[in-house]
Visitor: 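Here it is: the structure, laid out below.
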Amino acid sequence: MANPTHANHAAHVHHPDGHDHGSYRSYAIGFILAVILTAIPFAVVMAGGFESRVLTGGIVIACAAIQVVVHMVYFLHMNGRSDEGWTMMALIFTAVVVVIILAGSLWVMHNMNANMMPQMNHDGMPQLSGFGT
């Protein structure tokens, strides 16, 4: 007969300070969700995206935002219980960092496109001069 204490420990890992550190099942679910949330935008972009660039960007950004939540819940073990306010502080910090990274990345990419590719028009097609255009 199996030791119930050992069976409980194998299913759920508890830290000596009483905090819950997840189970193999929760890590597997988090990993599968992370792979799916990575594969969806990858497939959309590799297939050429949708006719609407806004829809394509929206899907990529939505999957990224959902993936941040998946990582916070399944890998960082953040839940509804407040550990002296640290859960809310970590959520606010994560949101601020994500906004800064996304806004900064979009700003840098826009400026690089505008300054490094002056021969490109807004449709992404090169403007050829001297060919009867």
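No hydrogens, no waters, no symmetry mates; every other heavy atom, side chains included, goes into these values.
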Visitor: In this structure, would Val73 and Ile36 fall into the same cluster of hydrophobic residues linked by side-chain contacts under 4.5 Å?
Guide: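 As far as the 4.5 Å side-chain criterion goes, Ile36 and Val73 are not connected within one cluster.
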Visitor: Between His71 and Leu76, is any pair of side-chain heavy atoms under 4.5 Å apart?
Guide: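 When only atoms from C-beta onward are counted, Leu76 and His71 do not touch, as no gap falls below 4.5 Å.
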Visitor: Do Val69 and Tyr74 land in one hydrophobic cluster if side-chain heavy atoms of ILVMFWY residues count as linked below 4.5 Å?
Guide: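 Same hydrophobic cluster.
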Visitor: To the nearest 0.5 angstrom, please state how far the CD1 atom of Ile40 sits from the SG atom of Cys63.
Guide: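 Reported to 0.5 Å precision, the distance equals 4.5 Å.
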Visitor: Do Trp107 and Val99 share a hydrophobic cluster, counting only Ile, Leu, Val, Met, Phe, Trp and Tyr and linking them when any side-chain heavy atoms are less than 4.5 Å apart?
Guide: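 Different clusters.
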Visitor: Quick one: closest heavy-atom pair of Val70 and Ala34, and the distance?
Guide: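 Shortest heavy-atom separation between Val70 and Ala34 comes out as CG1-N, 4.5 Å.
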Visitor: Is there a donor-acceptor contact under 3.5 Å from the side chain of Ser105 to the main chain of Leu102?
Guide: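 Checking the backbone N and O of Leu102 against the side chain of Ser105, no donor-acceptor pair under 3.5 Å is found.
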Visitor: Please check this pair: side chain of Asn113 against backbone of Met109, looking for a donor-acceptor N/O pair closer than 3.5 Å.
Guide: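 Pair absent, no side-chain N/O of Asn113 close to backbone of Met109.
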Visitor: Is it the case that one hydrophobic cluster holds both Val68 and Ile92, taking links as side-chain heavy atoms less than 4.5 Å apart, direct or via other members?
Guide: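 The answer is yes; both residues are in one hydrophobic cluster.
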Visitor: Mind checking whether Ile66 and Ile29 sit in one hydrophobic cluster, side chains of I, L, V, M, F, W, Y counted as touching below 4.5 Å?
Guide: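 Yes, Ile66 and Ile29 fall within the same hydrophobic cluster.
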Visitor: Quick one: OG1 on Thr38 to CG on Leu33, what's the gap to the nearest 0.5 Å?
Guide: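 These two atoms lie 10.5 Å from each other.
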Visitor: Quick one: does Thr56's side chain have a donor or acceptor within less than 3.5 Å of a partner on Phe50's backbone?
Guide: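 Here the side-chain-to-backbone pair exists.
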Visitor: Would you name the heavy atoms of Phe75 and Phe31 that are closest together and state the gap between them?
Guide: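 Closest approach of Phe75 to Phe31: CZ-N, 3.5 Å.
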